[in-house]
Amino acid sequence: MGEASLVEDYHRETIRDRHLPEKLVLWDETLRDGEQTPGVRFTPEEKLRIAELLAEAGVPLINAGIPVVSDEEARAVRLLAGAGLPTTILAAARTVPRDVEAVIDSGVRHIAIFVAASQVHLKFKLKMTEEEVLAASLASVTRAKEAGLHVAFVTEDTVRAPFPFVERLYRAVQDAGADRLVVADTVGVMTPLTFRWYLGEFVRRVRPRELSVHCHNDFGLATANTLTAVELGAVSPHVCVNGLGERAGNASLEEVAVALEQLYGYRTGIRTEKLYELSRLVEELSGVPLAPNKALVGYNAFSHEAGIHTHGVLAHTLTYEPLQPERLGRHRALILGKHTGKAALVEKLKERGIQAREPALAELLRRVKEVSERRSKEDVGRFVGSYRNRFDHPGLTDAEFWEMVDQVGLKAVPP
Ligand code: MN
């Protein structure tokens with residue numbers, strides 16, 4: 001947490017308000033929710049590569065997917081379950097008998113059983129009553145427990161559901177043997193303060209054996225809300241590499257783990273120096289490029305161009321860096337451009353053993369700035385254009401779709 005004599009550390013003022021769990025079981029959802037990112041799919045072999053690196057980074061629990069989705073997905077789950085990885089592999093199921101059987105058949109020892117909880121989901125999506133949801137949940141949990149599985153019970157949209165129903169449902173499944181209860185902010189509407197209140201109520205009313213949370217990033221609050229949950233003792237928060245996931249994604253593995261390590265002084269069991277490699281692998285296999293300004297793993301997270309900043313960092317990294325890039329397996333980058341100052345040039349010249357001297361240094365700086373300002377921006381426009389084009393159409397093209405409609409013989413009915 002920094003050198004006490006150089007920077008103040010006010011985190012110690014809030015230690016009494018934290019009830020961090022003794023042991024954290026980070027639950028990675030990259031291969032399930034992350035794969036549900038629009039346009040993303042992983043082959044079973046790609047899932048294995050990601051799972052191997054997750055395990056190497058010390059992630060203790062990995063959701064491999066939902067085996068009932070397809071034969072390939074079932075193969076992926078079996079592949080991961082049988083790979084002998086030093087981590088726990090979990091698979092997910094709706095509260096539907098064939099889903100639960102598919103998980104049992106896949107060879108995993110852990111299941112996450114999910115159903116929706118809010119009125120809007122029950123009425124418009126599931127078309128089920130509260131009683132039907134309760135009955136289906138109990139049947140699924142009971143079946144999974146009979147099969148000897150460790151059971152996590154998840155409701156979608158927990159935090160927008162009536163509390164009396166949430167309380168009744170979660171108490172019932174816990175009584176039926178559910179080992180771990182997951183509260184989901186499925187559309188990312190919690191704020192840290194409200195989530196603190198919500199989880200406090202949840203713990204008081206349900207008394208979970210183990211609390212887990214699933215936070216989405218629709219308002220950019222997924223990591224903050226997840227940390228709030230961990231502060232309240234949540235043991236197994238869901239995370240995704242690069243914050244992948246539906247819409248704006250989930251809480252990011254690297255943000256949650258490194259914030260806990262660096263800002264809370266908490267030992268997560270994660271080998272943070274593997275996180276950049278993991279991030280790049282997932283970027284490559286998902287096809288979802290990192291935002292350059294993404295916290296910790298974005299390309300700019302440890303880059304400096306402005307003269308004042310570069311000068312500061314060269315004098316002491318604590319001036320403009322809250323942590324060392326090596327903690328993530330990264331390196332610092334000094335960018336030469338319009339905002340460069342002399343300190344960066346002096347440092348750069350050292351690479352070839354050249355001692356900077358005036359007036360050559362001032363002339364060199366003038367040229368660096370001039371070339372940078374004169375440089376054509378054509379490639380910038382082209383790059384952004386191709387990027388936008390890719391994300392405007394991440395799935396099948398319209399032409400591909402309408403051709404299929406034709407092939408299966410669907411036609412417009414004449415009025
Ligand atoms: Mn989700």
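Worth saying up front: this structure is predicted, and the values here are computed from it rather than measured. Counting starts at 1 for both ligands and their atoms, in listed order.
Looking only at N/O/S atoms, Asp33 comes nearest to the Mn ion (ligand 1) through OD2.
For the pair Arg330 and Tyr276, the cation-pi criterion (under 6.0 Å, within 45° of the ring axis) is fulfilled. No cation-pi contact links Arg94 to Phe114, judged by a cut-off of 6.0 Å to the six-membered ring centre and 45° from its axis.
Backbone or side-chain N, O or S atoms of His238 do not reach the Mn ion (ligand 1) at under 2.8 Å.
Between NE2 of His214 and NE2 of His216, the angle at the Mn ion (ligand 1) works out to 90°, rounded to 10 degrees.
Using modelled atom types, one side-chain atom of Thr319 and one backbone atom of Val313 make a donor-acceptor pair closer than 3.5 Å.
Defined by atom type and a distance below 3.5 Å, a donor-acceptor pair is missing between the side-chain atoms of Thr186 and Glu156.
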